Amino acid sequence: MHGFAGDTLASALLANGVSRVATSFKYGRPRGVVGHGAEEPNAIVQLGQGGASVPNLRATQVELYDGLDARPCSRSKAQRLAGTFGRFMPAGFYYKTFMGAPQRWTAGVARPTALWTASEHVLRRATGLGRVPAGNDPDTYDRFNRHCDVLVVGAGPAGLAAALEAARSGARILIADEQAELGGSLLDGSYSLGGEHASKWVADAVAELASSADVDLLPRSTVAGYYDHNFLTIVERRTDHLGLVAANGTRQRLHRVRAGQVVLATGAIERPLVFANNDRPGVMMASSVSSYLNRYAVAVGDELLLFTANDHAYRTALDWQRAGLAVAAVVDCREAPEGGLVDAVRGAGTRVITGHAVTEASGRRRVTGAMIAPLGPGADSLTAAPQHIACDVIACSGGWSPTLHLSSQTGTRPRWHESAVAFLPGDLGKRALCAGAVAGARSLRDCLEQGALAGATAASRAGFGSGRTTFTAPETDEPSQAPSRALFLVPHPKPVSRAPKQFVDFQLDVTAADIELAAREGYTSVEHVKRYTALGFGTDQGKLGNVNGVAILARTLDQDIATTGTTMFRPAYTPVTFGAIAGRDVGEFHDPERHTPMHAWHASHGAMWEDVGRWKRPWYYPRPGETMQDAVNRECLAARDAVAVLDASTLGKTDIQGTDAAEFLDRVYTIGFRKLAVGRCRYGLMLREDGTIFDDGVTARLAENRYLMHTTTGNAEAVFAWLERWHQTEWPELDVYLTSVTDHWATTALVGPESRAVLARVCDDIDLSRDAFRFMDVREGHVAGIAARVFRISFSGELSFEVNVCAQHGRQVWDAIVEAGGEFGITPYGTEAMHVLRAEKGFIIVGQDSDTTTTPHDAGMDWVVRRNKPFGFLGDRSLDVSDHRREDRLQLVGLATTDEDTVLPEGGQLVDKPEAEAPVPMAGHVTSSYHSARLGRSIALAMVKSGTTRLGDTLHCPLADGRTVSAKIVSPVFYDPDGERQNV
Amino acid sequence: MSDGPGVVMRESGARGWWNLRGDGDEPRFRDGVAAVVGVSPPIEPCTWHAAGDRRAYWLGPDEWLLTAEHGTEFESPLRGALHGRCSIVDVSGAQILVNLSGAQAGEVLRKSSPYDFHPRRFPPGRCVQTNFAKATALVAANADASFDVVFRRSYADYLRGWIADAGREYGFLRGSLGTDHPTRRQRQPAQDDD
Amino acid sequence: MEISLTTVPRVRKARKRSRMSRTNTSRAENCDEIRSGTTDVRRLPVEKYSLFSLVKHGRRHHETWQRAWRDPSPKQSYDTVIVGGGGHGLATAYYLAKVHGVQDVAVVEKGYLGGGNTGRNTTIVRSNYLRDEAAHLYDFALKMWPGLSQDLNFNVMFSPRGVLSLGHTLHDMREIERRVNANRLNGIDGRMLDTADVQKQVPLLNCSPDARYPVLGASWQPSGGVARHDAVAWGFARAADSHGVDLLQQTEVTGIRVRNGTVEGVETSRGFIAARKVACVAAGHSGVLAAMAGLRLPIESRPLQALVSEPLKPCLDTVVMSNAVHCYISQSDKGDLVIGAGADRYNGYGQRGSFSTIEHTLEAVCELFPSFSRVRMNRHWGGIVDICPDACPIIGPTPVEGLYFNCGWGTGGFKATPGSGYVFADTLANERPHPLAAPFTLERFASGALVDEHGAAGVAH
Amino acid sequence: MLLIPCPFCREDRSEEEFSCAGEAHIARPEKPAELSDHEWGDYLFMRTNPRGPHRELWVHTAGCRRYFNVLRDTVSYEVLVVYEVGQPPPDPPGGDES
């Protein structure tokens, strides 16, 4: 097929004589192009193949490029069947069947859901439109934050006038339009402005805007969502008009706009007329017929019949005539239309049949004619039998529905205006204005003037200009227009339930009869009707059908439309590519990886990684041929027997200064810090106010009024925020300042009996001897020539020094220590070995051995709780609530498996009676479990009900494969229970 | 590229950085800081002061970020000069500073942060702490229309990659700054990152 | 606990009763009687839905279908007034009338039936909760789903297609292991899958070890799945109505009348309605109702968002949840990808949420399913959920005599609808918590016996 | 997507920079030990959760890291007043709550 530059896929298809573009889901009927923009419900196509394929695009919005490959998002075979049985598939039919036979029939053989499951399988294959791309997306997307004083949505006459006026005030302007060119409806019609074709005015306006400072124009950009506080999203299609895959750069960009003021100039969408067989290819919107003719030079047929309820659509008849094509007739449902356009059509010799309506389209594959009949006064009956008029295009215009989707998204309910025969936007408050057709303007002159006024008002509200317009609207050649007639459902000689189908929503096959049925069954709320019939749930979100649907419902219920109301529109205005919303935050940028200063060293030494929060921590360092267990065993033994080194830089660190620093720590930790000597460290436990364990770590007193707090890696930010909160909101009187220094320090933990010897090689200004530098001391000096703070603390139970230096020098000091340890066989170890070492000592990991219900008593940590402090501490009171004093709570214990080689699964549940039937009472669960190389057996920590009183009992852990592992409850301290090794 | 890179990122070498807390409404506090650092802590929110190599950025109503050339010692002199409620913490290891210049440097910021960096709202002398991609950063507007971006060291690998990616469509160059002044143009041979 | 399923036979017995009530349906075709909404019949003759009825009505051009439920005027007083016409409220009314014979019941709904979270959620049904108390409650509910369509004679389209919960870190895997083991011992189906098994179940899932948070494994509950949310509300409404319950739509409660610590009824936009018991089942609006009775609840009302794509051919046959990467996703029978986003971090009653939440969710979706990147979002919306500190519901009495609450289901109430209605009806009828509901009274916020299920809730709070 | 005026930065800043820390003015009891379990549970868990103007505690997480109070309508989402911690709560604007 061929097309021209500037064609859309739809215009090219029509130019090539393609009238059938889809098959209806429920009834298997042929469907053609109806509209020419975002409202199109039928011409839904899949572009391209493979990973770059795009499902569900509207052919009316696909710009043609060389080699474009498209196919309809066709329905499957099941439809032919559906076509036959469609009569038995009214709205909501699936709620009424497939429930399965009563259980007494199936005698428990089949599950009651089996029938539905089987039916569902068939149904699912029949539904759905396009296909998921077969591969990963080759394109990238990004997000772009924008701010402006005035955002103008829509670049039709009202939007351009608004932007011009606002721009002249000096305000920052952004104007976005979904089409490839700015101009909106002026591009489609045969309007003249100031005596020239409107395109000249558009070109001048765009040129002026483009040359203004602080004005940004965004064509091919759809304003998709309007959120609180004037935040809007705009999807800019940057490369879709050039090819399937962006050759270079970003395929689509999501603009996240914060606007001072918003001018909605979103125009209006022409409303179809609902009559029998109105879904036949060849039935189109009048404005679309004009658009294809005027803008794309495509005549969608040979002989036009115009069916209208208003003057405006007469332009289509005039356009058609001007192109030298035949107009079979204009059928106007009004009794006595008059006005310039009507006169012009009559003057051209065209037959205008007034007071009549098209009751039915004839033809099977496409329109071959129309049945017309005179309408009764209430538009609910016909006063004579229909007659046939031959034609191959029926252009319809039931009036115009303002595009109020965006205004509705703000939560503002649209209001029905009887005189406008339309829903208009509700009150938008002080941050937004509507102008042009969306506000009910009917003439071009009104659109321009409203636009200019809105632009000036918005600018002035944003602090620019006086609010008075300087804009003079160019002359328009518009004749006056008579009021249109409200006609939402054309009567048929048969009642609605028996007439040929009168479609309200083409994409989802919702008919007038379906709406009547819903109301008959009591689904009378407009939301119920929508959900029961699926009206407006398609990808077009009911842009064509909703108003007719509401009006038909109102008529059925004998209500007025205002009472019936309308459903709310949700973002997005038109569908938005997932990738554009995700932006660059996928793949390598999905979530930041935090790296320590020694990261590159770990990577080059073959570290396997563990994700801890956003940090990448070395998990273990396998040597060639080693399994994970081999590596962990080796790393653990090195720490126990010689010396090993761990990158502990990820621990959270907070510098605390002030005369009340000790008081502050006393309040947030269960233990006291007031009496801690300068240069000493103490382990602290932090509770939530509900008494459960929040965090733990070692805090050092660096000076009289200065402490350094360590927190767990994963909790660092939460703890810091927690401390700030209490200080700022509850205890502002405390003289204390908190500063996060997590990123400032690089920490090398040197662990093992030889650690002192290694450290001594790179540190000569700290006395490292046992009595000068005691366990839980902190000293300042130099390591490898760099100023360092060295803590003698231990998370492994071994002699251990944690060397902290400014992160700028972290790698340098790490390298120096590793080099100094060479002759001692210094071994880097990761988080897995760290976990084994601490588990051998019975040290808990907060969040692994404890959960959000564990109290200090449960964890066997009463030794770190001081209940006699003057203020108490956070969480203090909760330790006494009745449930926390229960004696059968889960308590921390050790487990020794009967078979020393079997390692219990972490997360394994423990029971007393393994052979019991479900539900089996559970005694507890395994929280940590490892093979201990030092002990030559498996060890585990567990939380067990009344565990501390059950030492010696045997519990059983049933595994998924049916086996059961037995283990004895023991003390959680497996190694060096007296803690002698860290004191050497 | 014929018309040169649209975005140039230069990373500062090692510098000294301190987090300072105290009462900015106290003249003695402000004078004490000025005497030691050579620049007074700004009282106006979201602004920064500079004198030569040294800068003081407003971080909060009682909090500033000070920076000076590598090797400068502020901690003891400041402690000596300031009395009463204050805190001074060396955070030199935590901070990475990059300078973004070029005609499209602002576009990179707009891809990264919800803040409004339009020159009308963010003229030279302003600074802001805000979200930057999925991290946070301090962004400061310089007199030469370039921007300084200060972020945490652990996020540096991520953010360098992010900025390079965001700048790529405009033509992106990576260079380096000297260790002395955060934004002194040292026209070192810049290599193309791609 | 010995509660288990011994309560189910009661449902069965009751079903027999309702089946009897439908034997004379053939005479029930005079819709006018039903349409008038004024008849005071206790057991309304209701036409049974079936393939046969569809064919019969098809031949009559669907002109004689009855109303699904009446539109009655409020009576001056009821034994029990249920505030809230969502799934939970309607289910409560149904079981109250059917199982306990309490038919003098009104459901008062300020908008339309099922218009709140029932019609806004992502319809996931599962019971893989960690703690015994929650597991027993949710599994009781889960076991009601397969028979629900028949019981209600309304196809709720329960589709047990299985639920996967992905683990991305060692910590996740430990938590999943703990939960799966607990589930198995509690009689809940579930097992661990490794990465290869997960890939087999979900071919489009990104199981690459190079992902930022690689898939290390998953828990798999085959009996979980999805159902059709509107149908649940309508099915319970129709069934409750057929048992004589008055469904009062467009009736907003404006006050709760309490005298001497005892509830007397509710003030509504249609006048005062007296009631011996008032049962509030209003999800996000529970706090507002509580305030009317002078109470506060441990609940924050927040928007929980969801979104759907355009319809696609079948591409995802199970439900996939990821706690760490923050999303849950399934494909509806229509072909839409139905995606649950997180709850906002601040309170709101606006049924709309923060766009950042949508962004984060779609980042996760594109990360987990790279081929969905070119798929397009059709709509997104929010519902107001009632978030409780321990991510578990509150079911039971209040300090006001006769006033009951069933709320706090937060981000996961849909799956519990039948069970919640069942145990709450039992609680109301017997004026004491149903054994399954006993751990979920307000009392736990004083005693400290919280049932923490944040891990199982699957949504970042 | 709220726009929140930070009282310390003295600028309107976007929601992404802030975190909500829940209901404001829930003071920690001075003598927790003297409270009953119910009274303590009230402090820990019970919230007003109003539909309409609501006093909340927010923190400018990505900005100046300061906590402050916000009176915000939970229906319209309008930010009515921001004020510093320790200042008395303003009265909600009277009577026009929907």
Side-chain angles (χ1 to χ4, degrees), chain A residues 140 142-149 172 214 231 248-250 253 255-256 258 583-585 588-597 599-600 614-616 649-650 653-661 705-706 735-746 787 804-810, chain B residues 13-22 59-60 62-63 65 70 79 84-96 107-122 130-136 151-159 161-162 165-166 168-170 179:
Chain A
T140 57
D142 60 19
R143 296 193 288 241
F144 203 88
N145 295 286
R146 280 184 178 274
H147 298 78
C148 60
D149 297 311
R172 255 200 286 175
D214 275 337
F231 179 87
N248 192 5
T250 304
R253 172 167 287 169
H255 297 268
R256 308 168 87 248
R258 187 71 78 166
R584 289 300 287 132
D585 291 345
E588 61 184 305
F589 299 116
H590 176 59
D591 200 41
E593 279 183 10
R594 295 180 71 183
H595 294 165
T596 73
H599 183 83
R614 282 174 162 176
W615 291 97
K616 283 283 180 193
S649 308
T650 61
K653 294 171 278 288
T654 301
D655 182 287
I656 302 171
Q657 297 185 26
T659 52
D660 292 321
N705 293 324
R706 185 172 189 185
D735 172 21
V736 57
Y737 290 105
L738 309 164
T739 308
S740 168
V741 288
T742 302
D743 280 55
H744 173 69
W745 296 104
N804 285 259
V805 297
C806 173
Q808 290 169 353
H809 308 292
Chain B
R15 296 184 54 79
W17 296 88
W18 295 266
N19 184 288
L20 173 70
R21 310 291 293 273
L59 296 182
D62 63 353
E63 184 170 7
L65 183 64
H70 186 56
R79 238 179 260 291
R85 284 171 80 146
C86 75
S87 149
I88 173 94
V89 182
D90 182 355
V91 290
S92 306
Q95 315 292 337
I96 299 289
E107 312 292 289
V108 169
L109 298 183
R110 278 180 270 277
K111 287 185 181 184
S112 310
S113 166
Y115 190 75
D116 184 1
F117 294 103
H118 190 274
R120 201 185 277 163
R121 290 285 305 274
F122 197 63
T130 181
N131 301 80
F132 199 93
K134 282 195 175 171
T136 56
F151 43 78
R152 283 192 282 165
R153 174 177 295 271
S154 57
Y155 285 94
D157 288 343
Y158 162 75
L159 285 176
W162 172 274
D165 180 78
R168 186 164 296 134
E169 67 174 295
Y170 310 112
T179 56

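A note on names: the letters A, B, ... follow the listed sequences, proteins ahead of strands, and every chain is numbered from 1. Keep in mind that what you see is a predicted model, and the values were worked out from it rather than measured.
Heavy-atom distances place the side chain of A:Q657, and not its backbone, under 4.5 Å from chain B. There is no contact between A:W745 and chain B, counting heavy-atom distances below 4.5 Å. Using a 4.5 Å cut-off between heavy atoms, A:I656 does not touch chain B at all. For chain B, the nearby part of A:R253 is the side chain; its heavy atoms alone come within less than 4.5 Å.
At distances below 3.5 Å, at least one donor-acceptor pair connects side-chain atoms of A:D743 with backbone N or O atoms of B:S154.
If you take NE2 on A:H147 and CZ on B:R110, they are separated by 9.5 Å, rounding to the nearest 0.5 Å. Here the CG-CD distance, from A:N248 to B:E169, works out to 9.0 Å after rounding to the nearest 0.5 Å.
Scanning all heavy atoms of the two residues, the minimum distance from A:R256 to B:P114 falls at NH1-CB, 4.4 Å. The two residues B:V91 and A:S740 have their closest heavy-atom pair at CG1-O, 4.4 Å. In this structure, B:D165 and A:R584 approach most closely via the heavy-atom pair OD2-NE, 2.7 Å.
We find that A:D149 and B:R120 are joined by a salt bridge, their nearest charged nitrogen and carboxylate oxygen being less than 4.0 Å apart. Under 4.0 Å is where a charged nitrogen must lie from a carboxylate oxygen, and between A:R172 and B:D116 at least one such pair does.
Between A:T739 and B:S87, the closest side-chain pair of non-hydrogen atoms falls below 4.5 Å. Between B:R153 and A:H744, every side-chain heavy-atom pair lies at or beyond the 4.5 Å cut-off. Taking the side chain as every heavy atom from C-beta outward, B:E107 and A:F144 approach each other to under 4.5 Å. A:E593 has its side chain out of reach of B:D157: every pair of non-hydrogen atoms, C-beta onward, lies at least 4.5 Å apart. Within the 4.5 Å cutoff, no side-chain heavy atoms of A:N145 are placed close to those of B:K111.
Highest contact tally toward chain B, considering only A:D735, A:V741, A:T742, is held by A:D735 [criterion: heavy-atom pairs under 4.5 Å]. With respect to chain B, the highest number of heavy-atom pairs below 4.5 Å among A:R143, A:H599, A:R706 belongs to A:R706.
Inspection of the A:R614 and B:Y155 side chains reveals an N or O donor paired with an N or O acceptor under 3.5 Å.
Classification of the A:F589-B:Y158 ring pair by plane angle, with boundaries at 30° and 60°, yields perpendicular.
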Criterion side-chain contact (heavy atoms from CB on, under 4.5 Å) on B:D62 and A:Y737, from CA distance to verdict:
CA-CA 10 Å; B:D62 63 353; A:Y737 290 105; 3.6 Å; yes

